[in-house]
Amino acid sequence: MKNIFLAFTILSLLFVAQSCDEELPYPIDEVKRGVVIDIVRVAGTDGVLSDGLTTGNYKVKLSIPEQQGDYSFMSHVQLLAVLQGTNGTTTSKVVVDNITEFPKEIQINVADSYSKFGLTAPSLGEILYFTANVVLKDGSVIPGWTKEIGFNNKALAGWRVDGRAYSYNVRYAVACPLVLDDFVGTCTVTLDEWWGDTPYNVTVTKISDTELRISGMCDGACSNDLVIKVDPTDHSVSIAKQVLEPLSGNWWSPARPAYNNFSLAGGGTINSCETSISFTATATVDAGSFGLMAFKLGK
């Protein structure tokens, strides 16, 4: 019985060895080492594209994370534009070549980038990404994006670069041009999770190129206006903590003094296509917080 077992073991090992021989040796010499390129939007530059327009300030920064180590086998880097069209197709084109200095800030020429795709300007619904190809000294290219795998180096998202997460692309969605004057006048609040008595009308006034004042919050029951700050670079809105104390003499105050100084603070987005503003804000009073509330108003 022992001899039968030994014979079976030897035959099994021979079978395994024969199976492995079909796959080995592993072609390690054919494996290409890549170089990790971090790419981010430069702070203060535009973060969205405008429908039909090629103007604006678009700039990205390319750098090599210190975790990369040796990259002497790299020749240069290419800036790759990846366009996701309204029809669902995605294609890519090299828009800047022979990048050899890092870190490197690159001004994006929107008109030139779109011309590479045979187009003249951005269209609503498109998304334009920028990533990096790595060209090695032997001439081979490690792509930053392909149709088969999507964006490269997504698995390295845990790396830290300049105190933030590693970034493998910069995303520019196409939105309607933002004109704050379009929001001036009467708007209707259709969502107000704090007050709940919707819809009701508010009056919006423009107080600067980046600020709007909303009068009539809480269906007119709040005594103070709400000022929101608009960031034209990415169409976001921010709300610094502001007291919207309900009018004196109502059910809120002075009957419940611990509920004094009702305030909102938060942020959201401004949608120039819908002429709407959506935001969430933390609602607080002297006694504490009511948590995060949602609001939406529009023409």
Side-chain angles (χ1 to χ4, degrees), residues 35-64 75-135 141-154 166-182 209-210 230-237 269-276:
V35 177
V36 177
I37 305 296
D38 176 79
I39 178 169
V40 292
R41 175 170 64 93
V42 174
T45 60
D46 293 332
V48 295
L49 296 168
S50 294
D51 180 33
L53 301 178
T54 58
T55 56
N57 181 23
Y58 301 93
K59 187 181 291 186
V60 297
K61 179 181 178 181
L62 281 70
S63 62
I64 299 177
S75 171
H76 61 276
V77 167
Q78 300 171 327
L79 185 65
L80 184 72
V82 181
L83 180 63
Q84 180 179 313
T86 56
N87 60 358
T89 62
T90 304
T91 54
S92 65
K93 300 290 182 182
V94 173
V95 294
V96 180
D97 204 349
N98 295 314
I99 304 168
T100 58
E101 297 178 3
F102 304 93
K104 177 72 171 180
E105 291 189 0
I106 298 176
Q107 191 80 42
I108 302 297
N109 185 322
V110 177
D112 179 69
S113 296
Y114 264 83
S115 71
K116 297 289 195 301
F117 297 95
L119 303 171
T120 57
S123 295
L124 197 62
E126 294 173 343
I127 302 176
L128 183 64
Y129 298 88
F130 288 95
T131 188
N133 289 344
V134 174
V135 182
V141 178
I142 309 297
W145 176 90
T146 64
K147 289 184 179 181
E148 292 75 24
I149 67 170
F151 288 101
N152 198 1
N153 292 332
K154 289 185 289 186
Y166 160 75
S167 174
Y168 52 83
N169 69 37
V170 174
R171 178 182 185 273
Y172 294 101
V174 181
C176 294
L178 181 60
V179 182
L180 289 190
D181 290 327
D182 293 343
D209 290 338
T210 58
V230 179
D231 186 344
T233 66
D234 61 5
H235 295 196
S236 65
V237 300
T269 58
I270 186 166
N271 189 322
S272 46
C273 298
E274 298 179 355
T275 320
S276 66

A.B. asks: To the nearest 0.5 Å, what is the distance between CD1 (Ile149) and NZ (Lys147)?
C.D. replies: 14.0 Å
A.B. asks: Rounded to the nearest 0.5 Å, how far does CG of Asp182 lie from OG of Ser272?
C.D. replies: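 Output value for this atom pair is 8.5 Å.
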A.B. asks: Kindly give the heavy-atom pair with the smallest separation between Glu274 and Asn271, and that separation in Å.
C.D. replies: N-OD1, 3.0 Å
A.B. asks: Enter the distance from Asn152:CG to Tyr168:OH here, rounded to the nearest 0.5 Å.
C.D. replies: 10.5 Å
A.B. asks: Who passes side chain to side chain donor-acceptor pair (under 3.5 Å) against Ser50, sequence neighbours left out?
C.D. replies: none
A.B. asks: Can you tell me if Asn87 has over 12 outside heavy atoms packed within less than 6.0 Å of its CG?
C.D. replies: yes
A.B. asks: Taking only residues two or more places apart in sequence, or in another chain, which ones meet Ser236 in a side chain to side chain contact (heavy atoms under 4.5 Å, CB included)?
C.D. replies: Asp231, Asp234
A.B. asks: Of all the heavy-atom pairs spanning Cys273 and Leu124, show the shortest one and how long it is.
C.D. replies: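 Nearest pair, atom of Cys273 first, then Leu124: SG-CD1, 3.8 Å.
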A.B. asks: Using the salt bridge (charged side-chain N to carboxylate O under 4.0 Å, His left out) rule, collect all pairs that involve residues 114-131, keeping only residues at least two apart or in two chains.
C.D. replies: Asp112-Lys116
A.B. asks: For the residue pair Thr100 and Ser75, what are the closest heavy atoms and their distance?
C.D. replies: CG2-O, 3.9 Å
A.B. asks: For Thr54, which residues count as a side chain to side chain contact (heavy atoms under 4.5 Å, CB included) partner, sequence neighbours excluded?
C.D. replies: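 Result, side chain to side chain contact (heavy atoms under 4.5 Å, CB included) vs Thr54: Val110, Ala111, Ala121, Pro122.
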A.B. asks: For Asp46 and Pro232, which heavy atoms make the closest approach, and how far apart are they?
C.D. replies: OD1-O, 4.5 Å
A.B. asks: Does the side chain of Ile142 reach to within under 4.5 Å of the side chain of Val35, using non-hydrogen atoms?
C.D. replies: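 Side-chain contact under 4.5 Å: no.
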A.B. asks: Can you list the steps and then say if Asn153 with Tyr166 is a side-chain contact (heavy atoms from CB on, under 4.5 Å)?
C.D. replies: CA-CA 10 Å; Asn153 292 332; Tyr166 160 75; 3.3 Å; yes
A.B. asks: Starting at CD of Gln84, measure out to OH of Tyr129 and round the result to the nearest 0.5 Å.
C.D. replies: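 The CD atom of Gln84 sits 5.0 Å away from the OH atom of Tyr129.
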A.B. asks: Return the CD1 to CD1 distance between Ile99 and Ile106, rounded to the nearest 0.5 Å.
C.D. replies: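 Between Ile99 CD1 and Ile106 CD1, I get 3.5 Å after rounding to 0.5 Å.
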A.B. asks: First locate atom CH2 of Trp145, then atom CD of Glu148, and finally report the distance between them rounded to the nearest 0.5 Å.
C.D. replies: 8.0 Å
A.B. asks: Which heavy-atom pair separates Phe151 from Lys154 by the least distance, and what is that distance?
C.D. replies: O-CE, 3.2 Å
A.B. asks: For residues 76-83, run the donor-acceptor check on the side chains, cut-off 3.5 Å, and write out each pair with its distance to 0.1 Å, sequence neighbours left out.
C.D. replies:
{"from": "His76", "atom 1": "NE2", "to": "Asp97", "atom 2": "OD1", "distance (Å)": "3.3"}
{"from": "Gln78", "atom 1": "OE1", "to": "Asn133", "atom 2": "ND2", "distance (Å)": "3.2"}
{"from": "Gln78", "atom 1": "NE2", "to": "Asp97", "atom 2": "OD1", "distance (Å)": "3.3"}

A.B. asks: Can you check whether Val48's main-chain N or O pairs, donor with acceptor, with Tyr58's side chain at less than 3.5 Å?
C.D. replies: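 Such a contact is found between Tyr58 side chain and Val48 backbone.
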A.B. asks: If you compare all heavy atoms of Arg41 against all heavy atoms of Thr233, which two are closest, and at what distance to 0.1 Å?
C.D. replies: NH1-OG1, 4.2 Å
A.B. asks: Go through the structure and list residues passing side chain to side chain donor-acceptor pair (under 3.5 Å) with Gln107, not counting sequence neighbours.
C.D. replies: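 For Gln107, the residues satisfying side chain to side chain donor-acceptor pair (under 3.5 Å) (neighbours in sequence not counted) are Asn57.
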A.B. asks: Please examine the side chains of His235 and Thr269, heavy atoms only from C-beta on, and report whether any two atoms are closer than 4.5 Å.
C.D. replies: no
A.B. asks: I want to check something: taking the side chain as every heavy atom from C-beta on, are Ile64 and Ile37 in contact at a cut-off of under 4.5 Å?
C.D. replies: yes
A.B. asks: Name the orientation class of the two ring planes belonging to Phe130 and Tyr172 (parallel below 30°, tilted from 30 to 60°, perpendicular beyond 60°).
C.D. replies: perpendicular
